[in-house]
Amino acid sequence: MSQINEHVGTRIRKYRKSRGLTLQQLADQIHKSRASVSKYETGEVSLDIETLFEIADVLQVSPGQLMDYHPPIPKPSQVMSCVPGRRGMSPFFQARRLYFYFYDGRYQRLKDGIIDIQEDADSPGNFHAALSISAVTSAGRSSEVYYTGTVLYSDMLIRFSFVNQCNALEEDLLYIFNPLEIRDSTEGLLCGISSADLMPCAFKCLVTLTPKEYTEAFKKQLLISKSELQRWQKMNMLIVNNRGL
């Protein structure tokens, strides 16, 4: 059984149940048998693109929300440098998966995400990225939001340019520092137009090489401190420092 088929099937079952649909009701709406839909959900049968889009339409989700499969993280020895000539300079240059965190004070929620990076097979040296973001609450995670975009590397900064898959007007820029020393995390700045209130916004964020545990100490790292506010007021600009954490 394909891991991708199994993952897509799990997503279909999750959204079907959240919509209050039975297997038979979903099957009727896409003109398939109940047995076929059951096999889609268990991953026994691969979905063709047309059926996948039909199911997404019935479940009122984007196809990307059903196909958000993330391959297993390669071992460090298997990770290839993403930038020619920069092997060994920084694990953030080499990483094909990064973990993303920020605190949204508007809703008093921690938000986390996964960034997957791939080099363009037809254009070496150009990189694409996919980002999924969830809100973390005491009840669990909210539905994920999906973005796709590009990556640019420089000596000091890595820039991601993302577009919301469901709303092309929502484009976000994520700048993170490339640490000069070896460490697991680095600070950055996420800025763009908020789809919630259609206003420009910016968030201090943390990008890491490994997943983090949600503790009060970790949350504190994501909050804006009084000293940072004083510095921003003095310079009349919002910045984050490339300091060790």
Side-chain angles (χ1 to χ4, degrees), residues 1-73 96-100 104 107 109 111-123 126-137 139-151 160-172 174 192-198:
M1 185 186 302
S2 165
Q3 288 183 332
I4 298 176
N5 287 350
E6 188 175 359
H7 179 87
V8 172
T10 299
R11 284 300 196 191
I12 293 172
R13 183 166 56 251
K14 168 189 171 182
Y15 290 116
R16 174 178 63 78
K17 289 186 175 182
S18 71
R19 298 287 182 265
L21 296 174
T22 65
L23 279 170
Q24 188 61 59
Q25 289 172 327
L26 176 56
D28 290 343
Q29 293 195 56
I30 64 172
H31 308 292
K32 301 286 185 181
S33 69
R34 182 184 183 282
S36 293
V37 174
S38 177
K39 290 180 179 179
Y40 294 152
E41 291 193 355
T42 59
E44 295 177 59
V45 175
S46 297
L47 278 161
D48 59 84
I49 295 298
E50 183 177 353
T51 303
L52 181 70
F53 272 73
E54 288 177 352
I55 291 175
D57 184 55
V58 172
L59 299 179
Q60 300 176 28
V61 298
S62 70
Q65 287 173 265
L66 302 179
M67 299 185 295
D68 63 327
Y69 174 75
H70 299 295
I73 304 173
R96 292 299 179 96
R97 175 172 289 184
L98 296 169
Y99 298 87
F100 168 76
D104 191 338
Y107 309 108
R109 290 179 179 176
K111 293 187 176 180
D112 68 3
I114 294 176
I115 303 172
D116 282 316
I117 303 166
Q118 289 186 334
E119 186 170 9
D120 191 333
D122 298 323
S123 182
N126 291 326
F127 300 89
H128 300 284
L131 167 66
S132 60
I133 298 179
S134 298
V136 182
T137 68
R141 281 184 168 75
S142 69
S143 298
E144 293 173 299
V145 182
Y146 300 89
Y147 301 80
T148 56
T150 57
V151 192
F160 297 87
S161 177
F162 291 114
V163 176
N164 188 319
Q165 287 188 357
C166 298
N167 180 5
L169 294 178
E170 184 183 344
E171 183 174 3
D172 296 319
L174 169 62
I193 302 296
S194 166
S195 59
D197 43 28
L198 299 179

At what distance, to the nearest 0.5 angstrom, does CD1 of I133 lie from CZ of F100?
5.0 Å
D122: which residues meet the side-chain hydrogen bond (donor to acceptor under 3.5 Å, both in side chains) condition with it, sequence neighbours left out?
none
Could you tell me which residues satisfy salt bridge (Lys or Arg N to Asp or Glu O under 4.0 Å) with E41, sequence neighbours excluded, listed by chain and number?
R16
Sequence neighbours excluded, the answer for side-chain hydrogen bond (donor to acceptor under 3.5 Å, both in side chains) partners of S18 is none
If we ignore angles and hydrogens, is there a donor and acceptor under 3.5 Å between the side chains of T22 and Q24?
no
Mind checking side-chain hydrogen bond (donor to acceptor under 3.5 Å, both in side chains) for T10 and listing every partner two or more places apart, or none if nothing turns up?
none
Before giving the answer on side chain to side chain contact (heavy atoms under 4.5 Å, CB included), spell out for I114 and Y99 the whole-Å C-alpha distance, their side-chain angles and the decisive distance to 0.1 Å.
CA-CA 5 Å; I114 294 176; Y99 298 87; 4.1 Å; yes
Partners passing ring pair (Phe, Tyr, Trp, His ring centres under 6.0 Å) against Y40 (at least two apart in sequence or in another chain)
none
Can you confirm whether more than 12 heavy atoms, excluding those of R34, are under 6.0 Å from its CZ atom?
no
To the nearest 0.5 Å, how far apart are CG in L47 and NZ in K39?
13.0 Å
With no hydrogens and no angle check, just 3.5 Å: does a side-chain donor-acceptor pair link E54 and T51?
no
Applying salt bridge (Lys or Arg N to Asp or Glu O under 4.0 Å), can you list everything that pairs with K111, at least two apart in sequence or on another chain?
D104
Is it the case that the side chain of Q29 and the backbone of L26 share a donor-acceptor pair, with hydrogens and angles ignored and the cut-off at 3.5 Å?
no
